[in-house]
Number of protein chains: 2
Amino acid sequence: MRNRVAGEVADASLVDASPAGAVASGRRDDLGVLPGLVGYNLRRTQEAVFGAFMEMVTGKLDSAGLTPGQFGVLAIVVANPGLKQIELGTALGVDRSTIVAAVDKLENRGLVERRPVPHDRRAHALTLTAEGQRVYRRALTLVDRHEAKIAGGLTPAERSQLLDLLGRVQRAAQQRP
Amino acid sequence: MRNRVAGEVADASLVDASPAGAVASGRRDDLGVLPGLVGYNLRRTQEAVFGAFMEMVTGKLDSAGLTPGQFGVLAIVVANPGLKQIELGTALGVDRSTIVAAVDKLENRGLVERRPVPHDRRAHALTLTAEGQRVYRRALTLVDRHEAKIAGGLTPAERSQLLDLLGRVQRAAQQRP
DNA sequence: TATTGTTATACTCTATAACTATA
DNA sequence: TATAGTTATAGAGTATAACAATA
C-alpha cells in the first residue's frame with residue numbers, strides 16, 4: 001500500500017514528465033507531480049491560511065496587529081502565566097534563540113512583561129500586561145472569525161479528522177531516522 | 001454548526017484562560033487555545049514536514065541538494081518545458097519577483113536554463129539542463145521516500161481525504177472578503 | 001558542568017515598489 | 001500603455017554557534 005502510493009508519484013512524473021494537455025494546448029500551468037504530494041499541498045494550504053490570518057487579524061487590531069506567531073506566544077503565556085522563555089520555546093517547538101526577538105517585540109509594545117523568577121536569576125517569568133490581555137481577547141475574536149472562514153466549510157467531523165490527520169503526519173515527520 | 005465551532009474556541013480560552021492542570025501541577029507546556037485551531041496545527045505540521053524534507057532530500061544530493069521550493073520549480077519546469085518565469089510564478093502562486101532569485105540559484109548550479117523566447121525578447125523560456133533532469137530524477141526518488149515517511153501511516157483513503165480537506169481549506173482561505 | 005538568556009549570523013520563504021527593456 | 005524581468009528592500013519564519021551570568 002505504502003509502496004504503491006509512492007510508486008504512483010514517481011511513475012507519473014518519470015514516465016510522463018510533460019503531460020499531454022498543458023504544453024500542447026498552450027497552457028503552461030501544469031503542476032507536474034506536485035498536486036499528488038502531501039508536502040506540497042500542506043505548504044500551499046499553510047501559505048493561504050497564513051495570508052488569510054494576516055488580512056483578518058494582523059492590521060485589524062488598533063495598534064499594529066498580531067502576526068500568527070505573536071498570537072501563538074500570547075496564547076501560551078495566557079495559558080501558562082509566569083513560564084520561562086525556554087519553556088515557551090519548548091511549547092511552541094522552536095529554539096530558545098528564536099524566542100528572544102519574539103518576546104522583545106511584544107515587550108516593546110507593552111503586551112508582555114519579563115519578571116524575575118524567585119530562585120533563579122538567570123530566567124525570566126513571562127506574563128501578559130493588562131494591555132496584553134485586552135489585545136489577546138480582541139485578537140481571539142478575530143482568530144475565531146478567521147477559523148470560521150478557513151474551516152467553516154467543513155463539518156465538525158471533517159474538521160476533527162483534519163486535525164487528526166495533521167497530527168499523525170506531524171508525528172511521522174518528526175520521527176528521527 | 002459553524003458558530004458552535006468558533007464559539008468553543010473563544011469560550012474555552014476566555015472563560016478558562018489558564019486551565020487547571022498546567023500551572024497547578026508545575027507543567028508549563030499548555031498550549032491554550034492553539035491545539036483547537038486548524039491554522040495552528042497546519043503551521044506546526046508544515047514546519048515538521050519541511051524539516052523532514054530538508055533532512056531527507058536537501059543535503060542528500062551530491063552537489064548541495066534541493067530545498068522544497070527548488071524541487072517545486074524543477075517539477076513545474078519538467079512538466080512545462082519552455083514556460084516563462086511569470087508563468088512559473090503563477091503556477092506556484094508566488095510573485096514574479098520571488099521567482100528571479102529562485103531561478104538564479106538553479107541556473108548558477110547548472111540545473112536550469114534561461115532561453116530566448118522566439119517572438120518576445122522580454123521573456124525567458126525556462127528549461128532543465130541534462131544535469132537538471134538527472135538531479136530532478138534523483139530528487140524524485142528521495143521525495144517519494146519523504147512522502148512515504150510523512151504519509152505512509154495513512155491509508156490511501158485517508159491520504160485522499162487529507163488532500164481533499166487541505167484543498168477545501170486552501171480555497172476557503174483564498175476567498176477574497 | 002549544565003542551563004538561561006542573549007547576540008551574531010545565516011538560511012528559507014514571502015511581498016511591494018520602482019526600474020529597464022520590450023510589446 | 002501594458003507586460004516580463006530585475007533589483008532593492010522589507011519582513012514573516014527558522015536555525016546554529018559562541019558568549020555571559022547563574023545554577
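In the text below, chain A, chain B and the rest are named by the order of the sequence lines, each starting its count at 1. Keep in mind that the numbers below use all heavy atoms, side chains included, and drop hydrogens, waters and symmetry copies.
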Chemist: Given that Phe50(B) and His119(B) both sit by DNA chain C, which one's nearest nucleotide is further toward the 5' end?
Modeler: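 Here Phe50(B) is the residue nearer the 5' end.
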Chemist: So if I take every side-chain heavy atom of Glu47(B) and compare against dA12(D), dA21(C), dT14(D), which nucleotide ends up nearest?
Modeler: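 Of dA12(D), dA21(C), dT14(D), dT14(D) is nearest to the side chain of Glu47(B).
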Chemist: Name the one of Val103(B), Val117(B), Leu106(B), Asn80(B) that satisfies side-chain contact (heavy atoms from CB on, under 4.5 Å) with Leu126(B)?
Modeler: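 It is Val103(B); the other options fail the test.
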Chemist: Would you say Lys84(A) and Arg114(A) make side-chain contact, with heavy atoms under 4.5 Å?
Modeler: no
Chemist: Counting side-chain heavy atoms from CB outward, which of dT14(C), dT6(C), dT22(D) is closest to Arg121(A)?
Modeler: dT22(D)
Chemist: With the side chain counted from C-beta on, respond yes when Val38(A) and Val49(B) share a heavy-atom pair under 4.5 Å apart, and no when they do not.
Modeler: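 Contact flag for Val38(A)/Val49(B) side chains = no.
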Chemist: The side chain of Asp95(A) lies closest to which of these nucleotides: dT6(C), dT16(D), dG5(D)?
Modeler: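 Of the candidates, dT16(D) comes closest.
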Chemist: Spell out yes or no: do the side chain of Ser97(B) and the base of dT14(C) have one donor N/O and one acceptor N/O closer than 3.5 Å?
Modeler: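 No pair found.
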Chemist: Quick one: is Lys105(A) getting a side-chain N or O under 4.0 Å of the dA12(D) phosphate, OP1 or OP2?
Modeler: yes
Chemist: Write down the distance between CD (Glu55(B)) and C1' (dT12(C)), rounded to a whole number of angstrom.
Modeler: 15 Å
Chemist: Please determine if a side-chain N or O atom of Arg44(A) lies less than 4.0 Å away from the OP1 or OP2 oxygen of dC13(C).
Modeler: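 The answer is no; no side-chain N or O of Arg44(A) sits under 4.0 Å from OP1 or OP2.
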Chemist: May I have the distance from Leu83(B) (atom CG) to dT3(D) (atom P), rounded to whole angstrom?
Modeler: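 Going from CG in Leu83(B) over to P in dT3(D) covers 18 Å.
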Chemist: Which is more 5' along DNA chain C, the nucleotide nearest Pro68(B) or the one nearest Gln85(A)? Just name the residue.
Modeler: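 Result of the comparison: Gln85(A).
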Chemist: dT4(C), dT22(C), dA15(D): which one has an atom nearest the side-chain heavy atoms of Lys84(A)?
Modeler: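 Nearest to the side-chain atoms of Lys84(A), counting from C-beta on, is dT4(C).
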Chemist: Tell me whether Thr58(A) contacts the main-chain N or O of Gly65(A) through its side chain, where contact means a donor paired with an acceptor under 3.5 Å.
Modeler: no
Chemist: Pick the nucleotide of DNA chain D nearest each of Leu92(A) and Arg96(A); which residue has the one closer to the 5' end?
Modeler: Leu92(A)
Chemist: Between P on dT12(C) and CG on Leu42(A), what's the gap in Å once rounded to a whole number?
Modeler: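 After rounding, the reported distance stands at 20 Å.
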Chemist: Please give, in whole Å, the distance from dA12(D) C1' to Arg43(A) CZ?
Modeler: 14 Å
Chemist: Mind running side-chain contact (heavy atoms from CB on, under 4.5 Å) on Arg109(B) and Gln70(B) for me, showing each step along the way?
Modeler: CA-CA 12 Å; Arg109(B) 284 178 55 188; Gln70(B) 290 170 337; 4.0 Å; yes
Chemist: Can you check whether His124(B) has a side-chain N or O nearer than 4.0 Å to OP1 or OP2 of dT6(D)?
Modeler: yes
Chemist: Please report, rounded to the nearest Å, how far the P atom of dG13(D) is from the CD atom of Gln70(A).
Modeler: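 Spelled out: CD on Gln70(A) to P on dG13(D) is 6 Å.
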Chemist: Across the strands shown, which category fits Gly89(A) at heavy-atom distances under 4.0 angstrom: base, sugar-phosphate, nothing?
Modeler: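 Counting heavy atoms under 4.0 Å across all strands, no contact is made by Gly89(A).
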Chemist: At under 4.0 Å between heavy atoms, what does Val100(B) touch on the DNA or RNA strands: base, sugar-phosphate, or nothing?
Modeler: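 Base contact.
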Chemist: Side chain of Arg122(A) only, please: which of dC13(C), dA2(C), dT7(C) is the nearest?
Modeler: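 The closest nucleotide is dA2(C).
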Chemist: Measure the distance from CE on Met54(B) to C1' on dT14(D) and round it to the nearest whole Å.
Modeler: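 Going from CE in Met54(B) over to C1' in dT14(D) covers 9 Å.
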Chemist: Using atom CD1 of Ile86(B) as one end and atom P of dA21(C) as the other, report the distance to the nearest whole Å.
Modeler: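 Whole-Å distance recorded here is 19 Å.
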Chemist: Contact class for Asp120(A) (heavy atom, under 4.0 Å): base, sugar-phosphate, or nothing?
Modeler: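 The answer is sugar-phosphate, as Asp120(A) gets under 4.0 Å only of primed atoms, P, OP1 or OP2.
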Chemist: Under 4.0 angstrom, heavy atoms only, what part of the nucleic acid is Thr67(B) near: base, sugar-phosphate, or nothing?
Modeler: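 Answer is sugar-phosphate: Thr67(B) comes under 4.0 Å of backbone atoms only.
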Chemist: Answer with yes or no after comparing the ring centroid distance for Tyr136(A) and Phe71(A) against a 6.0 Å cut-off, counting only values under it.
Modeler: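 Under 6.0 Å, so yes.
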Chemist: Separation of Arg115(B) atom CZ from dG5(D) atom C1', in whole Å?
Modeler: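 My rounded result for the distance is 19 Å.
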